[in-house]
There are 2 protein chains.
Amino acid sequence: MGIHERRNREKQLLRQEILDAAREMFVRDGYEGVSMRKIAEKIEYSPTTIYHYFRDKTDLLSQIIQESFTKLNNQLEAVFGDQSQCPRECLRRGMATYVDFALTHPSHYYLTFMFRQVEDCPSPLDDEAYCLGMKCFDYLRQAVKRAMDSGEIDRCDLETASQALWAGLHGVSSLLISLEGGFPFVERQQLINHTLEMMLRGAGMQPKLAAGQEASRAR
Amino acid sequence: MGIHERRNREKQLLRQEILDAAREMFVRDGYEGVSMRKIAEKIEYSPTTIYHYFRDKTDLLSQIIQESFTKLNNQLEAVFGDQSQCPRECLRRGMATYVDFALTHPSHYYLTFMFRQVEDCPSPLDDEAYCLGMKCFDYLRQAVKRAMDSGEIDRCDLETASQALWAGLHGVSSLLISLEGGFPFVERQQLINHTLEMMLRGAGMQPKLAAGQEASRAR
DNA sequence: TAGGTGATCTAACACCGTTAAGTTTATGCC
DNA sequence: GGCATAAACTTAACGGTGTTAGATCACCTA
């Protein structure tokens with residue numbers, strides 16, 4: 001009875017082929033710049049076939065977003081998971097990794113984080129993608145918590161502090177992605193480094209100073 | 001010879017009517033959600049007529065972006081221009097005004113700052129819009145400069161510092177706009193305040209402390 | 001080999017941005 | 001007033017879009 005299995009395998013293979021084509025095209029031409037017909041042409045099937053594997057175009061996008069989250073997740077896990085560094089350095093590296101991911105995969109980042117969901121609620125994020133996104137954020141939250149616990153960062157509301165840091169990361173990433181070439185930015189890495197350093201200092205972290213040295217600072 | 005003038009006036013009126021309809025619809029339904037045919041239906045003209053007043057759909061968008069920049073410009077001018085406050089407070093208020101503008105007109109902000117220009121370079125910003133945008137940024141830059149000059153902020157590269165602050169402002173604004181409802185953010189104003197305060201502190205500004213008190217801090 | 005089943009395709013629907021060509025409308029001139 | 005002219009506006013079309021109902025084809029089961 002291996003026939004069904006082979007059929008399933010083949011079906012899965014075509015599904016993957018569609019996904020691969022769609023990913024490449026979305027990344028190159030943007031969501032609106034890609035049509036179902038063009039995807040179909042690329043994989044040499046009729047457009048209708050795609051609809052037997054994916055609900056609609058947004059479903060296709062949703063799967064790709066999910067892949068992006070998975071990739072980001074893996075990178076963050078590797079960096080935030082390595083706690084051989086002090087909490088500040090760990091946090092800094094994780095933040096840098098986030099921005100680097102965004103700028104290395106600008107189209108993926110755009111589709112995942114900068115694509116507006118208008119109207120009622122046709123969010124392209126299904127439950128699974130949402131969970132993956134939360135997992136990514138949790139890496140950041142845990143790193144902030146460790147830094148707080150070690151006294152390397154001002155103790156305040158963990159959630160607010162983490163979200164504020166994320167906002168900064170997203171800001172520098174998305175600005176560079178959406179306005180690249182349209183605004184005279186300073187050298188990219190300099191802007192990123194400055195932004196990260198500014199935020200870390202603002203959160204209460206002084207680089208290369210003993211923790212106690214600044215203990216008496218205002219809130 | 002008042003006939004030509006009346007004609008021009010009437011033509012200008014229709015142009016404005018198109019612009020008003022387009023603005024309202026873009027803001028409500030997003031750029032891709034609005035068609036030239038729907039705009040035409042709303043103003044009770046044929047779709048072709050619009051093309052006698054605007055080059056194409058992106059031209060329509062470009063005009064609306066320009067309007068947004070003008071509005072933002074006016075608000076920033078009012079706040080950054082009022083130098084009765086200390087430079088730190090002035091900067092803080094200006095930054096808060098930026099975020100407030102973004103969240104009060106989220107669709108305008110989206111169209112202006114978060115709309116990706118894919119492919120070669122079909123940027124919807126013409127020269128005029130670009131100048132207005134630069135003028136907005138210059139308000140921030142000047143405020144940062146005053147804070148540096150007064151010693152209320154660490155002296156470092158002005159351009160980098162200003163762009164890093166902008167990145168943060170854009171980050172918290174765009175995150176709240178694009179993921180509103182899709183992520184469990186803490187209370188909005190708290191997140192904004194925390195982000196601004198974090199950045200200002202990170203830039204070297206200590207609230208309610210004399211300037212000299214922190215002069216020996218590491219860069 | 002006949003029948004059934006699932007995968008795939010054809011053709012269509014109702015949209016889209018845009019434009020060439022035609023029509024209407026208002027003007028200026030005799 | 002009558003008419004040429006120019007501007008304003010519309011019709012109709014082109015080639016594209018996402019999506020779907022129904023026909024067709026290939027293969028497996030009996």
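Just so it is clear: chains get the letters A, B, ... in the order the sequence lines come, proteins before strands, and each one is counted from 1.
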**Request:** Just call it for A/Phe54: base, sugar-phosphate, or nothing, with non-hydrogen atoms closer than 4.0 Å on any strand.
**Result:** nothing
**Prompt:** Considering only side-chain heavy atoms of A/His52, which listed nucleotide, D/dC9, C/dT8, D/dT19, is closest?
**Reply:** C/dT8
**Message:** Using whole Å, what does the distance between atom C1' of nucleotide C/dT10 and atom OH of A/Tyr51 come to?
**Reply:** 15 Å
**Request:** May I ask you to check whether B/Phe115 and B/Tyr31 place their ring centers less than 6.0 Å from one another?
**Result:** yes
**Asked** Whole Å only: how far is the CE atom of A/Met36 from the P atom of C/dC9?
**Response** 14 Å
**Item:** Nearest-Å distance for atom pair CG/C1', residues A/Leu13 and C/dA7
**Value:** 15 Å
**Message:** Tell me if the side-chain of B/Thr48 makes a donor-acceptor pair with the base of C/dT18, cut-off 3.5 Å, by modelled atom types.
**Reply:** no
**Item:** Side chain of B/Ser35 (C-beta onward), nearest among C/dT18, C/dT8, C/dG17
**Value:** C/dG17
**Message:** Quick one, B/Ile50 and B/Leu60 - any side-chain contact, counting heavy atoms below 4.5 Å?
**Reply:** yes
**Prompt:** Taking atom types as modelled, is there a side-chain donor on B/Glu77 or B/Asn73 under 3.5 Å from an acceptor on the other?
**Reply:** no
**Message:** With a 4.0 Å cutoff (strictly under), does any side-chain N or O of B/Lys11 reach OP1 or OP2 of D/dA8?
**Reply:** yes
**Asked** Looking across every strand, which nucleic acid part, if any, lies under 4.0 Å from A/Leu14 by heavy atom: base, sugar-phosphate, or nothing?
**Response** sugar-phosphate
**Prompt:** Looking only at side chains, do A/His170 and A/Tyr109 share a donor and an acceptor under 3.5 Å apart?
**Reply:** yes
**Message:** From OH of A/Tyr45 over to C1' of C/dC9, roughly how many Å is that when rounded to an integer?
**Reply:** 12 Å
**Message:** Does C/dT8 have OP1 or OP2 under 4.0 Å away from a side-chain N or O of A/Tyr53?
**Reply:** yes
**Item:** Between C/dT8 (C1') and A/Ile50 (CD1): distance, integer Å
**Value:** 12 Å
**Asked** Would you say the side chain of B/Ser46 and the base of D/dT11 hold a donor-acceptor pair, judged only by whether the two atoms sit under 3.5 Å apart?
**Response** no
**Asked** Does B/Arg37 make a side-chain donor-acceptor contact with the base of C/dG17, cut-off 3.5 Å?
**Response** yes
**Complete:** In whole angstroms, the gap separating P of C/dA7 from CZ of A/Arg9 amounts to 15 Å
**Prompt:** A/Gln163 side chain to B/Pro184 main-chain N or O, any donor-acceptor pair under 3.5 Å?
**Reply:** yes
**Asked** Is A/Thr49 touching bases, backbone alone, or none of the nucleic acid, heavy atoms closer than 4.0 Å?
**Response** sugar-phosphate
**Request:** Let me know the distance between CG of A/Asp29 and C1' of D/dG16, rounded to the nearest Å.
**Result:** 15 Å
**Message:** If I take atom CD in residue A/Glu32 and atom P in nucleotide D/dT17, what distance separates them, rounded to the nearest angstrom?
**Reply:** 12 Å
